[in-house]
Amino acid sequence: MEKVWYTYDDIHRVLRGLALKIQQDGVKYDAMVAIGGGGFIPARILRCFLDIPVYAVTTAYYDSETCGKTADEVRKVQWLDPLPDTLVGRNILVVDEVDDSRVTLEFVLKELKKEPFNTIGVAVLHEKIKPKKGKLPEGLPYYSGITLGDAWINYPWDADDIDEHNRLAASVGWAADKHID
Ligand code: G4P
Ligand code: MG
């Protein structure tokens with residue numbers, strides 16, 4: 001699989017554009033719900049532009065093998081339980097770093113749909129254009145910062161050596177030819 005590297009600065013710029021799309025869409029979001037770990041830093045940067053508070057849920061994703069069959073499983077590590085009163089009846093924007101298989105997004109959206117929110121929207125930094133295992137609810141407001149094919153994205157917050165990461169970002173970078181838009 002091809003690999004791409006993004007620096008914190010690249011991500012900050014993409015999120016500025018994503019915030020503009022969200023603001024131009026007409027729904028006024030009251031709060032973000034970041035899906036941790038990957039959604040935390042994007043949500044914090046989006047807050048600079050959207051100026052709404054960030055709440056958090058954390059999930060863990062793994063392949064489990066039962067009876068020789070591999071299944072994708074998501075479980076809650078931490079949740080909005082009980083739901084804070086400040087979120088009742090509000091418009092919330094769920095934030096994650098990547099829309100990949102949609103398994104995590106489907107799980108989180110299904111769980112959040114049980115709560116008394118008004119509108120729920122989703123914003124992701126990267127949207128991978130590929131067949132999806134998970135499904136999003138019909139008519140869900142959806143925003144992505146950047147679309148790309150099925151490459152592996154190296155995020156700066158996962159870097160062991162951030163200087164080496166930035167060097168790779170400078171030499172390989174976004175691999176512009178892999179981007180769809
Ligand atoms: P989705 O619903 O948002 O499409 O996510 P999916 O369940 O397919 O993702 C499973 C895990 O794989 C997620 O991590 C996601 O962040 C990670 N992932 C998918 N594609 C990439 C990629 O190109 N680069 C990187 N670095 N990670 C990718 P997770 O279990 O939620 O962990 P984390 O958010 O705590 O890191
Ligand atoms: Mg994640």
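Ligands are counted one by one from 1 in listed order, and the atoms in each one are counted from 1 as well.
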Side chain, backbone, both or neither: Asn154 near ligand 1, heavy atoms under 4.0 Å: neither

For atom 29 (P) of ligand 1, closest protein heavy-atom neighbour: Tyr61 CB, 4.5 Å

Option with minimal heavy-atom separation from atom 33 (P) of ligand 1, where the choices are Ala34, Ala151, Gly38: Gly38

Shortest protein heavy-atom distance from atom 9 (O) of ligand 1, along with the residue and atom involved: Thr104 OG1, 4.0 Å

Flag, side chain of Asp99 to backbone of Lys128, donor-acceptor distance under 3.5 Å: no

Side-chain donor or acceptor of Asn166 paired with backbone N/O of Asp163 under 3.5 Å: no

Residue and atom name of the nearest protein heavy atom (relative to atom 1 (P) of ligand 1), distance in Å to one decimal: Arg102 N, 3.6 Å

Geometric N/O contact Thr59 with ligand 1, under 3.5 angstrom: no

Nearest non-hydrogen protein atom, atom 24 (N) of ligand 1: Ile153 O, 2.8 Å

Which residue and heavy atom of the protein sit nearest atom 16 (O) of ligand 1, plus the separation: Glu97 OE2, 2.6 Å

Atom indices of ligand 1 within 4.0 angstrom of Leu105 heavy atoms, with elements: 2 (O), 3 (O)

Protein contact to atom 21 (C) of ligand 1 [nearest heavy atom, distance to 0.1 Å]: Trp152 CZ3, 3.3 Å

Whether Ser144 side chain and Thr147 backbone form a donor-acceptor pair below 3.5 Å: no

Residue, atom name and distance, where the atom is the protein heavy atom closest to atom 20 (N) of ligand 1: Lys128 NZ, 3.0 Å

Closest approach of any protein heavy atom to atom 8 (O) of ligand 1, naming residue and atom: Ser101 OG, 2.5 Å

Tyr62 contact mode with ligand 1 (heavy-atom cut-off under 4.0 Å): neither

Lys132/Asp100 ion pair, N-O < 4.0 Å: no

Interfacing atoms of ligand 1 (cut-off 4.0 Å, heavy-atom, Asp158): 26 (N)

Sub-4.0 Å protein heavy atom near atom 14 (O) of ligand 1: no

Parallel, tilted or perpendicular: rings of His12 and Phe49 (30°, 60°): perpendicular

Close approach, His126 and ligand 1, non-hydrogen under 4.0 angstrom: no

Aromatic contact, His126 with Tyr155 (centres under 6.0 Å): yes

Gln78 (side chain) donor-acceptor with Ala56 (main chain) under 3.5 angstrom: yes

Donor-acceptor pair between Tyr29 and Thr119 side chains, under 3.5 angstrom: no

Minimum-distance pair of heavy atoms, taken over all atoms of Ala123 and Leu18: CB-CD2, 4.3 Å

Donor + acceptor pair across side chains of Tyr143, Asp25 (<3.5 Å): yes

